Amino acid sequence: MRTRHTNAGWIAGGLGGLLLAAAGAAGQTAQGEAAPRDLQGVWDFRSAIPFERPDELAGRATLSPEEAAAFAQERVDAQNVDLWRDENGRLPVSGGYNNFWYDRGTTLGEERRTSLVVDPPDGRIPARSAAAEARGERQRELRARDAYGPEDRGAFERCIMGFNSGPPMNPSAYNNNMQLFQTADHVVILNEMVHDARVVPLDGSPHLPDHVRQWKGDSRGRWEANTLVVETRNFTAKTSFRGSGPDLRLVERFTRLDADRLLYEYTIDDAASFARPWSVRVVMQRSDSPLFEYACHEGNYGMENLLVSARARDRQRAQQ
């Protein structure tokens, strides 16, 4: 959502200038093309590709150009909240925005794939364990009731983490933008959503001890040929990705395809939560636009009002 107000230009400018200077001219080849290990820049990862393959496309990993265009348009229309009017022409309040504010993808890209999930081959998340299903049911119970306290609400609603910034990163409703800075021994992954920033060491240092847990886990990077591999572990039980637990081992891979495309792949490895590891593939496009600060918290009046209304309902029930 690039129309948000911003005062974060100095982040992209000042920090970017320092890191670009550190990277030096090594980021370009003699012909002016991007060097394979130069991943720097702003990358747009919006996409109309479904996360999992729809049932009606079972057995079809890709579509023809004509089918892909028609399917993408169907998804664009289905997600256009301005079309969700009732018989009186009124838009629903739920969601908070009209369609102007959304920045979803409009195409399936050059690959015309039917799911972001590429492994298993059926494009579906493997079966979740009983423990993962129980965690999901507990989360649904908390969301359905009036909040006893802020901890009942999710990390996204509380503006602690961005809903598409991860790790791992995934196309979503808006703010599908990431800026990557790199030096010889560190990489910074800065997401527009809630201006999350991960500083990833490349110096071979070990992961944090197992008992030290973090909201976004503990990331360590390394190069495999021209692919940057980032392994993250030490997650907490306070977050979950599609049913994952605190023992999740996330492996992300960043590969420069050409001057304007960055291939982002990741694998979810969590034997306690899924029947097998599974992988996702997203092709990011270079953007010439800067990142803007997404001031999600903004005093968090929403959380205050949510709790005030919940306590009012408590009083109403006590009087019944």
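Because the structure is a prediction, the values reported are computed rather than measured.
- With respect to the salt-bridge test (charged N to carboxylate O, under 4.0 angstrom), the residues Glu151 and Lys238 do not qualify.
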Please walk me through it: do Asp218 and Arg220 pass salt bridge (Lys or Arg N to Asp or Glu O under 4.0 Å)?
CA-CA 7 Å; Asp218 177 49; Arg220 294 292 186 271; 2.8 Å; yes

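- Using a cut-off of 4.0 Å between Lys/Arg side-chain N and Asp/Glu carboxylate O, Arg143 and Glu157 are scored as not salt-bridged.
- A distance of 6.5 Å separates CZ in Arg233 from CZ in Arg249, rounded to the nearest 0.5 Å.
- Between the side chain of Glu192 and the backbone N or O of Phe292, at least one donor-acceptor pair lies under 3.5 Å.
- Looking at Thr255 and Thr227, their side chains do bring a donor and an acceptor atom within 3.5 Å of each other.
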Check step by step if salt bridge (Lys or Arg N to Asp or Glu O under 4.0 Å) holds for Arg135 and Glu133.
CA-CA 5 Å; Arg135 282 196 302 271; Glu133 291 290 353; over 6 Å; no

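- Side-chain contact of Glu252 with Tyr264: a donor-acceptor pair under 3.5 Å is present, judged by distance alone.
- The side-chain hydrogen bond (donor to acceptor under 3.5 Å, both in side chains) pairs that include a residue from residues 160-172 are Asn164-Asn176, Ser165-Asp196, Asn170-Tyr266, where partners are two or more places apart or lie in different chains.
- Separating the CD atom in Gln40 from the CG atom in Leu262 is a distance of 12.0 Å, to the nearest 0.5 Å.
- Taking NZ of Lys216 as the start and CD1 of Ile189 as the end, the distance is 10.0 Å to the nearest 0.5 Å.
- Between Asp270 and Arg242, no side-chain nitrogen of the basic residue sits less than 4.0 Å from a carboxylate oxygen of the acidic one, so the salt-bridge criterion is not met.
- In the hydrophobic clustering of ILVMFWY residues, with side-chain heavy atoms under 4.5 Å counting as a link, Phe235 and Val251 come out apart.
- In this structure, CG on Leu307 lies 10.0 Å from CG on Asp146, to the nearest 0.5 angstrom.
- The closest side-chain donor-acceptor pair between Asp269 and Thr267, if any, does not fall under 3.5 angstrom.
- A salt bridge links Asp44 to Arg46: one of the charged nitrogens lies within less than 4.0 Å of a carboxylate oxygen.
- Hydrophobic clustering keeps Val280 apart from Val229 (ILVMFWY residues linked when any side-chain heavy atoms are closer than 4.5 Å, directly or through intermediates).
- Taking the charged nitrogens against the carboxylate oxygens, Glu67 and Arg112 have no contact shorter than 4.0 Å, which rules out a salt bridge.
- Rounded to the nearest 0.5 Å, atoms OH (Tyr294) and CE (Met193) are 4.0 Å apart.
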Intermediate values then yes/no, salt bridge (Lys or Arg N to Asp or Glu O under 4.0 Å), Asp152 and Arg145:
CA-CA 9 Å; Asp152 281 359; Arg145 76 184 190 193; 2.8 Å; yes

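- Side-chain atoms of Ser273 and Arg128 include no donor-acceptor pair closer than 3.5 Å.
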Under the salt bridge (Lys or Arg N to Asp or Glu O under 4.0 Å) criterion, do Glu52 and Arg124 qualify, and how do the steps go?
CA-CA 5 Å; Glu52 293 185 89; Arg124 308 288 296 181; 3.7 Å; yes

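- Of the N and O atoms on the side chains of Arg60 and Thr114, not one donor lies less than 3.5 Å from an acceptor on the other residue.
- Clustering ILVMFWY residues whenever any of their side-chain heavy atoms sit less than 4.5 angstrom apart, transitively, puts Phe163 in the very cluster that holds Tyr102.
- Grouping the Ile, Leu, Val, Met, Phe, Trp and Tyr side chains by contacts below 4.5 angstrom, directly or via other members, places Val308 apart from Tyr148.
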